[in-house]
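To start, the structure under review is shown below, and the notes come after it.
The first residue of the sequence shown is numbered 1, and numbering continues consecutively from there.
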Amino acid sequence: MSAHSSNRLLAQPQPLVPEQNQRRALLRQLLLPAAAAVCAGSWSSAAWAQAASPIEPAAGEPSPVPGLRWSGQGLLRVWGFEVYRARLWVGPRFNPADHASDALALELEYLRAFSAASIASRSIEEMRRQQPIAPDQGERWQRALQTVLPDVRAGDRLLGVYRPGQAAQFRQPNRALGEVPDPLFARLFFGIWLAPTTSEPGLRAALLGLPARG
């Protein structure tokens with residue numbers, strides 16, 4: 001393909017499949033206030049500079065769960081907007097090719113506000129990338145997750161803890177939030193970030209300490 005035809009392809013909008021349309025509509029709803037803030041000049045240019053990459057935690061930063069070791073961290077951006085920082089700790093038998101192989105703890109540090117309802121809804125959609133989920137099952141899981149999670153503001157941290165065959169547990173600093181007592185939910189939920197089917201492979205690589213694909 002010539003450079004001229006390549007540039008033409010990049011310049012022309014491509015048709016979206018239904019899943020992409022749904023994702024774009026939801027992200028537009030979530031991030032429209034952020035876009036307004038950017039246009040108003042309330043963000044510094046530094047907010048656009050950091051890419052997802054595996055970096056060591058700050059010196060002395062302990063694992064939030066005893067027995068887990070540091071794995072990696074990364075930054076999620078959507079359309080250039082920073083959404084959250086993610087950090088991962090894993091158990092001694094953890095296998096990056098199978099995120100359900102051992103215990104892990106995943107922390108999200110939010111960089112803007114989201115409602116519990118929007119987090120729960122988006123989570124179920126992302127979980128469906130791994131396997132089909134019946135509508136009634138998805139609704140039950142969404143309600144359960146929305147009940148456990150709080151609304152978040154910029155700077156809030158949520159910690160999810162996974163142990164094979166057990167419930168997904170959720171915490172904030174210094175307090176437990178609750179759990180969703182379904183091992184299948186737990187595996188699929190943490191697979192949002194760690195399964196090969198994730199919608200954010202660069203973030204997955206950063207969390208697992210894997211080479212980023214070019």
Side-chain angles (χ1 to χ4, degrees), residues 19 22-23 26 30 61-74 76 83-110 112-153 155-200 203-204 207-208:
E19 179 184 349
Q22 292 172 3
R23 187 173 186 228
L26 179 60
L30 295 178
E61 182 178 346
S63 167
V65 177
L68 302 187
R69 60 173 174 81
W70 173 253
S71 177
Q73 69 177 354
L76 177 66
V83 181
Y84 56 69
R85 293 186 182 92
R87 303 177 180 91
L88 179 67
W89 293 261
V90 298
R93 296 178 299 279
F94 181 81
N95 177 4
D98 177 12
H99 70 274
S101 59
D102 202 358
L104 62 87
L106 179 72
E107 181 186 70
L108 302 183
E109 179 185 357
Y110 284 88
R112 61 193 62 262
F114 293 103
S115 68
S118 66
I119 296 172
S121 173
R122 186 67 219 162
S123 296
I124 300 302
E125 289 187 38
E126 291 291 331
M127 288 162 65
R128 285 193 165 103
R129 297 177 66 90
Q130 300 166 68
Q131 69 176 55
I133 298 173
D136 58 340
Q137 178 68 82
E139 290 174 5
R140 287 195 297 271
W141 282 348
Q142 184 171 329
R143 287 195 301 269
L145 186 59
Q146 184 174 337
T147 299
V148 169
L149 298 182
D151 298 336
V152 297
R153 297 175 296 176
D156 285 349
R157 296 188 178 198
L158 294 179
L159 180 73
V161 179
Y162 172 82
R163 293 184 176 87
Q166 297 186 29
Q169 299 178 342
F170 298 93
R171 309 176 187 174
Q172 279 188 309
N174 303 317
R175 71 170 181 139
L177 295 172
E179 63 180 33
V180 178
D182 186 327
L184 177 58
F185 169 89
R187 178 172 63 80
L188 296 178
F189 178 81
F190 290 97
I192 293 172
W193 297 269
L194 303 177
T197 54
T198 180
S199 61
E200 301 294 337
L203 180 59
R204 176 180 182 265
L207 290 171
L208 296 175

Partners meeting ring pair (Phe, Tyr, Trp, His ring centres under 6.0 Å) with Y162 (sequence neighbours left out): F190
Indicate yes or no: at least one non-hydrogen side-chain atom of Y84 is less than 4.5 angstrom from one of L158. no
Would you say CZ of R153 has more than 12 non-hydrogen atoms from neighbouring residues, nucleotides or ligands within 6.0 angstrom? no
On a heavy-atom basis, the closest approach of L203 and L76 is CD2-CB, 4.2 Å
Only residue of E126, Q130, R128 satisfying side-chain contact (heavy atoms from CB on, under 4.5 Å) with T197 is Q130
CZ on F170 to CG on L149, rounded to 0.5 Å: 5.5 Å
Does R204 form a side-chain contact (heavy atoms from CB on, under 4.5 Å) with L207? I'd like the steps, not just the answer. CA-CA 5 Å; R204 176 180 182 265; L207 290 171; 5.8 Å; no
Side-chain heavy-atom pair L184, Q131 within 4.5 angstrom cut-off: yes
Please examine the side chains of R85 and R87, heavy atoms only from C-beta on, and report whether any two atoms are closer than 4.5 Å. yes
Check: L188 and I133 side chains under 4.5 Å, non-hydrogen atoms: yes
May I ask you to test the S199-R129 pair for a side-chain heavy-atom distance under 4.5 Å? yes
Using 0.5 Å steps for rounding, measure from the CG atom of D151 to the CD atom of Q146. 8.5 Å
Measure from the side-chain N and O atoms of S123 to the backbone N and O of I119, and report whether any donor-acceptor pair falls under 3.5 Å. yes
Please check this pair: side chain of S101 against backbone of D98, looking for a donor-acceptor N/O pair closer than 3.5 Å. yes
Give the intermediate values and the outcome of side-chain contact (heavy atoms from CB on, under 4.5 Å) for residues V161 and R171. CA-CA 8 Å; V161 179; R171 309 176 187 174; 4.1 Å; yes
What closest approach, in Å, do P181 and A167 show between heavy atoms, and which atom pair accounts for it? CA-CB, 3.5 Å
Any side-chain donor paired with an acceptor under 3.5 Å for Q172 and R175? yes
Could you give the distance from CZ (R187) to CD (Q166), rounded to the nearest 0.5 Å? 15.5 Å
Should H99 and L88 count as side-chain neighbours, where that means a heavy-atom distance under 4.5 Å? no
So CZ of R69 and OG of S63: to nearest 0.5 Å the spacing works out to 11.0 Å
With side chains defined as the heavy atoms from C-beta onward, is the minimum distance between L145 and F185 less than 4.5 Å? yes
For the atom pair CD1 (I192) and CG (L106), what is the distance rounded to the nearest 0.5 Å? 9.5 Å
Which pair of non-hydrogen atoms, one from G191 and one from T198, has the smallest distance, and what is that distance? O-CB, 4.4 Å
Hits for side chain to side chain contact (heavy atoms under 4.5 Å, CB included) against R93, two or more places apart or cross-chain, chain-then-number order -> D102
Between S115 and S118, do the side chains contain a donor N or O and an acceptor N or O under 3.5 Å apart? yes
Mind checking what makes side-chain hydrogen bond (donor to acceptor under 3.5 Å, both in side chains) contact with D182, not counting sequence neighbours? W141
How long is the straight-line distance from CD of Q169 back to CD of E179, given to the nearest 0.5 Å? 5.5 Å
Check whether any side-chain heavy atom of F94 lies under 4.5 Å from a side-chain heavy atom of L208, and answer yes or no. yes
